[in-house]
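Since this is a predicted model, take the numbers as computed values, not measurements. Each chain gets a letter, A, B and so on, in the order its sequence line appears, and its residues count up from 1. Computed over heavy atoms, backbone and side chain alike; hydrogens, waters and symmetry mates excluded.
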Amino acid sequence: MVETIVRGGTTGDRPGSNYDPAAVEARWLARWAEDRLYHVDDATDRPNWFALTMYPYPSGILHMGHWYAFSIPDAFARYKRMRGYNVMFPMGFDAFGLPAENAAIRNNIHPAIWTEDNIATMRIQFQAMGTMIDWDRQVASCDPEFYRWNQWFFLRMLERGLAYRSNGAVWWCPNDQTVLANEQVLDGNVCERCGSEVIRRDLEQWYLRITDYAEELLREAEHLDWPDRVKTMQRNWIGRSEGARLRFALAGGQAGDEPLEVFTTHPETVWGATFMVLAPEHPAVVTLTSAERRTEIDAYVERAKNETEIERASLDESRPKTGVFTGGHAVNPVTGELIPVWIADYVLMGYGTGAIMAVPAHDARDFAFARAHGLPVRPVIQPDGADPLDGGSMPGPYLGPGTMVNSGPIDGLRMPDQMAAVLDWVECNGRGHREVTYRLRDWLISRQRYWGTPIPVIYCQDCGIVPVPDADLPVILPLDAEFTPTGQSPLVSNEAFVSVPCPACGGPGRRETDTMDTFVDSSWYWYRYTSPHLDIAPFDAALVAAWTPVNLYCGGIEHAILHLLYARFWTKVMRDLRLIDHGEPFLRLRNQGMILSAEGTKMSKSRGSQVGPDELVSAHGADALRLHLMYLGPWDQGGPWNDRGITGMERFIRRAYQVVEDGAKVTPTADADRGGEAAIRRLTHQTIAKVTADMEAYQVNTMVAALIEFANALFAGRRGEVAATAAWREAVETLVLLMAPSTPFVAEEMWSMLGNTDSVHTRDWPEANQDFLRVTEVEIVVQVNGKVRDRVVAEPGADEAAAVTLAMASDRVRTAVAGKAPKRVVYVPGKLVNLVV
RNA sequence: GCGGACGUGGCGGAAUGGCAGACGCAGCGGUCUUAAACACCGCAGAGGCGACUCGUGCGGGUUCGAAUCCCGCCGUCCGUACCA
């Protein structure tokens, strides 16, 4: 695409030899601070644009992953600013959490001090990266002026029944000595924070009722401009299943016994239900178990309790289906048959009702269980055109479509097409009702750790759970705590914190000592950027209305479920509290890929495989590093780190710098045709179009390629005749403007070299002018039978006949055609002609 | 097992139905230099002296034309997992 302009001479000097990255960066950092260039006003005559990037944990130092995650969104934000928006690109710190405690224990330094020091360091590093962050808006979640609003939200949820305390089996990390949310348990049994194996414990804990929003979270995700894989992951995590709840009465005539309820997605197969299976923890197990089975059942329940979770982590489908008969029976609600009730660990208490009707003929797990324990198999769905299925001899379950058999009134119905008729029958005959079940569990937010938001409730012997009155917020996290993990919150031993009068009756009360999951902080932090120091509400409603929902949210794919699901839930709760008017926080989401070590493994502090940006910045400059990260490959793909290419980025910057330096010396003459002007103008506007399109699509690698091509062409022609024209001047200015989002420091320097006294970052983005894109001739590819044989030059509007004539004038084409008449001609105007002979 | 993404030179990658390998790195040749580094100018998928032939994981298909669409396989990565 690059046309040869005019070849200039060479000097032998290194291009851009006057460019000193360190000096340029220092100069403009000082100047920008002085001019408050990145201060964001809430109301301007421009539309607001909220560019958000997931706030980092203040781990102490910015590594390459941070540069990848922040410098590229910074370029997007700068681009939007040049496109005429009033852009807010704020930053904060996810400052509560375990690493601070662990560092505190290791280094004998208080988490608050450690965190504060790290934030100070990282702020400076962020500035060195050349970001347009407005630091006046910084928030830190460990700041009482922030976390008091966590407490305030919690109280609002408590009032609405969205926060509740419940006893049950929870995930416990023995290393971190705290409970975890379901979402924080990876691979079935691994702690998301520390990688230890987690275990099950029975504890009373605080939950947030995210399941109330399951349907809405599922439904509204469809319309978001988010990567499909994130939406898919959320959909699977929420895990919606449609089916029916059926009631199975207990046999034995105990009148007071509640029937067993099951959830099934296949109610049509109830005629084939030949036994039932309960989860070992199911409350009915005790009453169902007959005296002679008791010992065996108790042993199984005990074993399941201790082993299941660990075993389940390594299980596969071939794992033997163990289980024990309770000695009790239930009544199949449609056949009236007595069917045995078993317990087995393949039935989970946490899903559905913790009990299933087993239909071995049409379910893989039930089939394996039936064969292992000699239970009857009764087919009720007959595949088309096959011999009748036989329960005794069928080699495996039949899972496909077919016609109902052995099923009384629903015999002959087609499955799955006529499922609705089955559900109608079930409901009309009082056997059960339609039901939708979700895999999503409520969000467990209690943590038995120190460095987090205190949960604002007080326990009173007489009044029970009493919320801390709003007027008493924040409940300050005391700094004088002994925070070594013991399995109990470190606050338990802090008598001054714990012992308080009951707000209701004034009697002796004890404060809740657990703290909140840090995902609470990150569920609403971005709203706080709009009014970071407001002390009468979590945020200013008018400012939030002016800035949110977020226009573009950038961050790592690892938050696809955890943070992004919680944040959506919190937003919907805030909407229902009438604090905001929208239910989805992030209109558009883009994920960066992960930067891996050179070996392709995850970079980690412990393995020492993290790469620091400092040496590269001092050797090549922050701008070169920013470009290098953009140029590594598609941003959403990430990939193994290497620093080999950064020299090329520095070369590019130096050439651009040289072009500007030379260009600044020339006074453009009035337009006169010097032979290269039309070409340089076309290239300028082609580049504008390409860079703009790539920026809109977040394709920064190809955007940089276009900048390099443009700079190379200008470099080659910089000392030729054309360099004295107005077209040239426009080209040079355009190059600087197009580079501004990506290389903010050197672009600013070059802009001032061109005699400007304002900041390039406040300038308007150039616009591609169609008039300059017009070409005088086009190259048409000539194919014979689909193989390229030649290229011919034609007029831009050449029709098929003209193209064929030109094509046939070529010797190579004539040789390939070998005198035969074309059977068919395919012509793509201005691009390609294919002669089929 | 299920769901999703991906597979292109020595390397990162570009091209999403129309010239495969843009751009960059590394490499090679030349210029400059006492020499080197830097820089600049050029070369560069493989084979062939050449006209040409072959070439985007493998096998098939659709199409005038396929890296791109479809079917089957192989491999890598990510997510998820006894979800009734």
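A close approach under 4.0 Å does occur between a side-chain nitrogen or oxygen of R439(A) and OP1 or OP2 of A81(B).
Here U53(B) is the nucleotide among U53(B), C82(B), G13(B) with the atom lying nearest to any side-chain atom of R789(A). Distances from the side chain of E709(A) to the nucleotides C19(B), A22(B), C78(B) place A22(B) closest. You'll find that the side chain of Q783(A) is closest to G18(B), out of G24(B), G18(B), A84(B). Distance from the side chain of R14(A) is smallest to C38(B) among A14(B), C83(B), C38(B). With distances taken from any side-chain atom of Q637(A) to the nucleotides G13(B), A84(B), C64(B), the minimum falls on G13(B). Out of C64(B), A14(B), C23(B), the shortest distance to the side chain of T702(A) is found at A14(B). Distance from the side chain of F715(A) is smallest to C40(B) among G3(B), G24(B), C40(B). For K787(A), counting side-chain heavy atoms from C-beta on, the closest listed nucleotide (C78(B), C54(B), G18(B)) is C54(B). Which of C52(B), C19(B), G24(B) sits closest to the side chain of M649(A) comes down to G24(B).
Nearest-nucleotide assignment on RNA chain B puts the 5′-proximal partner with G633(A), out of I708(A) and G633(A). Nearer to the 5' terminus of RNA chain B, by closest-nucleotide assignment, is the contact made by E779(A) (compared with the other of E779(A) and V826(A)).
If you take atom C1' in U56(B) and the same atom in C69(B), they sit 16 Å apart, rounded to whole Å. Between the C1' atoms of G61(B) and U68(B), the separation comes to 15 Å (whole Å). G9(B) and A22(B): their P atoms are spaced 13 Å apart (whole Å). With C1' as the reference atom, A36(B) and C19(B) are 42 Å apart, rounded to whole Å.
A side-chain donor-acceptor contact under 3.5 Å links D790(A) and S810(A).
Backbone-only engagement by T647(A) is indicated by non-hydrogen atom pairs under 4.0 Å involving sugar-phosphate atoms exclusively. If you check every strand for non-hydrogen atoms under 4.0 Å, D363(A) touches nothing. Residue-level contact check: N642(A) touches neither bases nor backbone, having no heavy atom under 4.0 Å from any strand. Using a 4.0 Å heavy-atom criterion, one finds that R240(A) contacts no nucleic acid atom at all. V788(A) comes within 4.0 angstrom of sugar-phosphate atoms only, judged by non-hydrogen atoms across all strands, and of no base. Within the nucleic acid shown, V828(A) comes within 4.0 Å of at least one base atom, counting heavy atoms only. Note on P640(A): nothing from the nucleic acid sits closer than 4.0 angstrom, heavy atoms only. Residue-level contact check: L832(A) touches the bases, meaning some heavy atom is under 4.0 Å from a base atom. Counting non-hydrogen atoms under 4.0 angstrom, R651(A) reaches the backbone sugars and phosphates but no base.
Rounded to whole angstrom, the span from the CD atom of Q699(A) across to the C1' atom of A14(B) amounts to 11 Å. Remark: P of U63(B) and NZ of K823(A) are 13 Å apart, rounded to the nearest angstrom. Here G24(B) presents its C1' atom at 11 Å from CZ of R644(A), a figure rounded to the nearest Å. Atom CG in D228(A) sits about 14 Å away from atom C1' in G79(B), given to the nearest Å. Between the C1' atom of G12(B) and the NE2 atom of H628(A) lies a distance of 9 Å, rounded to the nearest Å. In this structure, M276(A) atom CE and A84(B) atom P are separated by 16 Å, rounded to whole Å. Nucleotide C2(B) holds its P atom 15 Å from the CZ atom of R365(A), rounded to whole Å. Put simply, OH on Y631(A) is 8 Å from P on C23(B), counting in whole angstrom units.
In this structure, the ring of H628(A) has its center less than 6.0 angstrom from the ring center of W641(A). Residues Y566(A) and W443(A) bring their aromatic ring centres within 6.0 Å.
Y346(A) and F369(A) have tilted rings, their planes meeting at an angle from 30° to 60° on a 0 to 90° scale. Y398(A) and H362(A) have perpendicular rings, their planes meeting at more than 60° on a 0 to 90° scale where under 30° would count as parallel.
Residue Y438(A) places no side-chain atom within donor-acceptor reach of the base of C83(B), judged by atom type and a 3.5 Å distance cut-off alone. Residue K831(A) places no side-chain atom within donor-acceptor reach of the base of C19(B), judged by atom type and a 3.5 Å distance cut-off alone. No N or O donor and acceptor, one from the side chain of R824(A) and one from the base of C64(B), sit under 3.5 Å apart.
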Walk me through it: do R568(A) and Q234(A) pass the test side-chain hydrogen bond (donor to acceptor under 3.5 Å, both in side chains)? CA-CA 11 Å; R568(A) 294 181 59 218; Q234(A) 293 218 346; 2.8 Å; yes
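A salt bridge is absent between D636(A) and R229(A): the closest approach of a Lys/Arg side-chain nitrogen to an acidic carboxylate oxygen does not fall below 4.0 angstrom.
With hydrogens and angles disregarded, no donor-acceptor distance shorter than 3.5 Å links the side chain of R439(A) to the backbone of Y351(A).
Taking a pair as Watson-Crick or G-U wobble with both distances under 3.5 Å, RNA chain B forms stems of 3 or more consecutive pairs at B:1-7 with B:74-80, B:10-12 with B:23-25, B:27-31 with B:39-43, B:45-47 with B:52-54, B:57-61 with B:69-73.
Base orientation for G47(B): anti, the chi torsion being more than 90° from 0.
Here the shortest heavy-atom pairing between V833(A) and V804(A) reads CG2-CG2, 4.2 Å.
Atom CE of residue M415(A) and atom OG of residue S407(A) lie 9.0 Å apart, to the nearest 0.5 angstrom.
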